[in-house]
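In what follows, chains carry the letters A, B, and so on, assigned in the order in which the sequence lines appear, proteins first and then strands, with residues in each chain numbered from 1. From a predicted model like this one, the values you see are computed outputs, not experimental measurements.
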2 protein chains.
Amino acid sequence: MSDLFIGVDLGGTNIKAGLVDREGALVNKVSIPTEANLGRERILENICAAARQAAGDTPLGDIDAVGIGSPGPLDHVTGVVFRSPNLKDWTNVPLAEEVTKRLGVTTFVDNDANVACWGEYWVGAGKGCSTVVLMTLGTGIGGGIILDNRIWRGSTGAGAEIGHMVVVADGEKCGCGGIGCLEVYASAPATVRRFVRMISGGRDSSLASAVAEGGEITASMIYEAACAGDETAKEALEETGRYLGVGVTTIANVIDPEAVLFSGGLAGAADILLPVIRAEVRKRALEPVTENLTIALGALPNDAGVIGAAGCAMDRLGSDG
Amino acid sequence: MSDLFIGVDLGGTNIKAGLVDREGALVNKVSIPTEANLGRERILENICAAARQAAGDTPLGDIDAVGIGSPGPLDHVTGVVFRSPNLKDWTNVPLAEEVTKRLGVTTFVDNDANVACWGEYWVGAGKGCSTVVLMTLGTGIGGGIILDNRIWRGSTGAGAEIGHMVVVADGEKCGCGGIGCLEVYASAPATVRRFVRMISGGRDSSLASAVAEGGEITASMIYEAACAGDETAKEALEETGRYLGVGVTTIANVIDPEAVLFSGGLAGAADILLPVIRAEVRKRALEPVTENLTIALGALPNDAGVIGAAGCAMDRLGSDG
């Protein structure tokens with residue numbers, strides 16, 4: 001045993017893999033296309049190829065364990081992924097078993113948001129904390145919860161759906177079928193919808209003509225406009241921050257973590273979002289729970305998934321035997 | 001050792017105490033006035049008197065441990081209660097130490113809502129579950145959370161403030177200083193406020209003249225009127241149920257417990273509240289987390305605190321050494 005682990009971050013576009021040591025340092029790192037549309041066998045091959053490349057000169061026999069952070073509902077105990085909409089022919093895949101067989105290395109599978117949270121908890125912005133919540137801000141709002149040094153998966157394994165806490169009881173319909181979920185108010189598309197509504201309502205903006213022409217507006221464009229002094233763009237993002245602050249308030253009052261961290265594409269707007277989130281939480285949440293609460297950007301924006309997957313595998317190898 | 005424990009439920013009006021065996025059966029039970037206005041020494045004496053009476057013929061030397069469920073912010077490790085507004089001269093009371101000294105029996109102190117949740121988890125409506133949330137509905141909304149067979153206290157010890165999750169981002173001001181908390185929409189006083197507003201708005205009710213005369217209206221009166229066929233009273237309660245359903249949705253999506261249970265005075269209206277709560281959760285929450293979720297009344301309305309305090313003491317005696 002070389003005290004080395006491989007972490008794999010399985011995405012719809014790329015598979016990232018890394019060789020990680022027992023202290024959480026990323027020794028080597030690769031990224032290859034997932035080729036998600038080529039189906040199950042090819043995806044499995046690519047996962048193994050990424051792992052082999054990440055191992056570099058280290059023989060696979062010297063790797064203690066492989067950890068995979070995977071999207072989709074899954075059973076982390078058996079390592080079976082039930083489905084993943086972005087991967088073709090990917091139903092009830094015994095991912096842990098398949099990769100274990102192909103690489104000859106014990107492999108563990110866990111939810112991608114959970115392993116990213118573990119990465120931040122282990123060596124990122126949550127280092128030193130025992131209870132950490134990670135909110136991933138993108139097309140949706142996902143997240144991971146570490147309670148008392150353990151991933152919280154919920155009793156059905158489908159818990160930690162932070163984006164689907166209700167923040168407006170009689171609010172807008174959410175894609176999940178629910179009503180008034182945080183995701184409807186604070187995801188990247190929600191920010192775009194708000195911004196377009198503001199423009200349609202007569203507000204001026206450097207992006208007004210793009211909106212009028214029906215061109216694609218992204219959250220990044222809104223952020224760039226805001227940075228360039230566009231007040232409407234700034235307000236649209238601040239309103240997103242305000243709702244995130246409402247969500248963090250509920251997390252603080254009910255779960256009472258030491259840190260709430262943010263990652264994902266929209267977290268790139270952290271310099272606008274974070275001050276609003278912090279102010280909102282200060283205004284709303286109970287004093288004892290917010291006194292020492294860290295609200296910050298994740299420290300491993302690109303590598304939390306890879307490092308966390310390796311870290312989870314290390315942790316589970318230790319505890320599962 | 002006789003495998004017997006004493007549980008104490010310290011309230012502002014009465015101290016309930018009970019002799020509880022290792023299976024959670026309540027062997028003997030007493031209730032004496034707290035005499036909260038007579039100050040610290042008298043309250044401590046009364047706690048010990050209640051414990052002695054509960055022991056009955058069993059010598060205190062044969063009691064394995066005493067558990068106290070106490071209101072107010074406290075440190076469950078040291079057993080110090082920082083303050084409790086309803087108890088006179090009750091600041092930084094080393095409760096565990098004082099009772100241990102006076103009774104000669106190891107004493108543990110924990111939050112009253114936590115121990116009530118433990119009681120339901122141990123031998124009540126949450127029996128057989130490993131993850132249970134208890135919501136106590138009264139003047140405020142409190143609660144306890146058991147995650148994976150352990151009380152969840154949060155990183156500062158002030159967590160599990162279920163009544164202060166935000167359900168209406170831009171809602172009414174809450175007594176906690178926050179905005180739009182569940183407690184503002186679903187506590188007993190919230191139900192009364194809603195009912196009075198409905199009457200003032202022109203709705204008819206059997207209690208309309210009582211409201212007009214400025215008489216005291218309680219949630220119990222509203223419940224009784226609803227049971228007698230008063231539509232306005234019924235609607236006021238159903239609206240409370242609807243907000244509770246919103247709160248349970250957030251709990252289900254984020255925490256994903258096996259059971260959400262209700263106790264406290266307002267839970268007496270369960271036959272009206274529960275169907276509304278269940279329908280709201282079915283409508284809103286993610287399917288996998290609600291499939292097997294129990295939403296029910298606690299099974300130990302009067303004894304959860306006493307039994308749970310004894311059970312916590314038993315658990316902590318086992319794990320703390």
(request) Could you tell me which portion of A:Arg150 (side chain, backbone, both or neither) has an atom closer than 4.5 angstrom to a non-hydrogen atom of chain B? (result) side chain
(request) Using non-hydrogen atoms and a 4.5 Å limit, figure out which bit of A:Tyr185 sits close to chain B: side chain, backbone, both or neither. (result) neither
(message) Using side-chain heavy atoms (C-beta onward) and a distance below 4.5 Å, is A:Asn149 in contact with A:Tyr121?
(response) yes
(request) Mind checking the CD-CZ spacing from A:Glu235 to A:Arg203? Nearest 0.5 Å is all I need. (result) 4.0 Å
(message) Counting only non-hydrogen atoms closer than 4.5 Å, can you tell me which residues of residues 285-293 of chain A sit against chain B?
(response) A:Leu286, A:Pro288, A:Val289
(message) Just so I understand: if I count every heavy-atom pair under 4.5 Å between each of A:Ile255, A:Ile251, A:Thr249, A:Val168 and chain B, which residue has the most?
(response) A:Ile255
(message) Shorter than 4.5 Å, heavy atoms on both sides: which option in B:Val167, B:Ile145, B:Thr131, B:Ile162 has the most such pairs with chain A?
(response) B:Val167
(message) Distance check, rounded to the nearest 0.5 Å: B:Leu95 atom CG versus B:His76 atom NE2?
(response) 14.5 Å
(message) Taking the side chain as everything from C-beta on, heavy atoms only, tell me whether A:Pro71 gets closer than 4.5 Å to A:Leu10.
(response) yes
(message) Quick check: do A:Ile146 and A:Glu120 have side-chain heavy atoms less than 4.5 Å from each other?
(response) no
(request) Pick whichever of A:Gly154, A:Cys129, A:Gly178, A:Ala169 has the most heavy-atom pairs under 4.5 Å with chain B. (result) A:Ala169
(message) Let me confirm one number: the SG-CD1 distance from A:Cys312 to A:Ile151, rounded to the nearest 0.5 Å.
(response) 3.5 Å
(request) Find the distance between CZ (B:Arg242) and CD1 (B:Ile277) and round it off to the nearest 0.5 Å. (result) 12.5 Å
(request) Would you give the length of the straight line joining atom CD of B:Glu172 to atom CD1 of B:Ile179, rounded to the nearest 0.5 angstrom? (result) 11.5 Å
(message) As an exercise, state the distance from CG of A:Asn111 to CG of A:Asp75, rounded to the nearest 0.5 Å.
(response) 12.0 Å
(request) Quick one: which of A:Ser155, A:Ala160, A:Cys176 has the most heavy-atom pairs under 4.5 Å with chain B, could you say? (result) A:Ser155
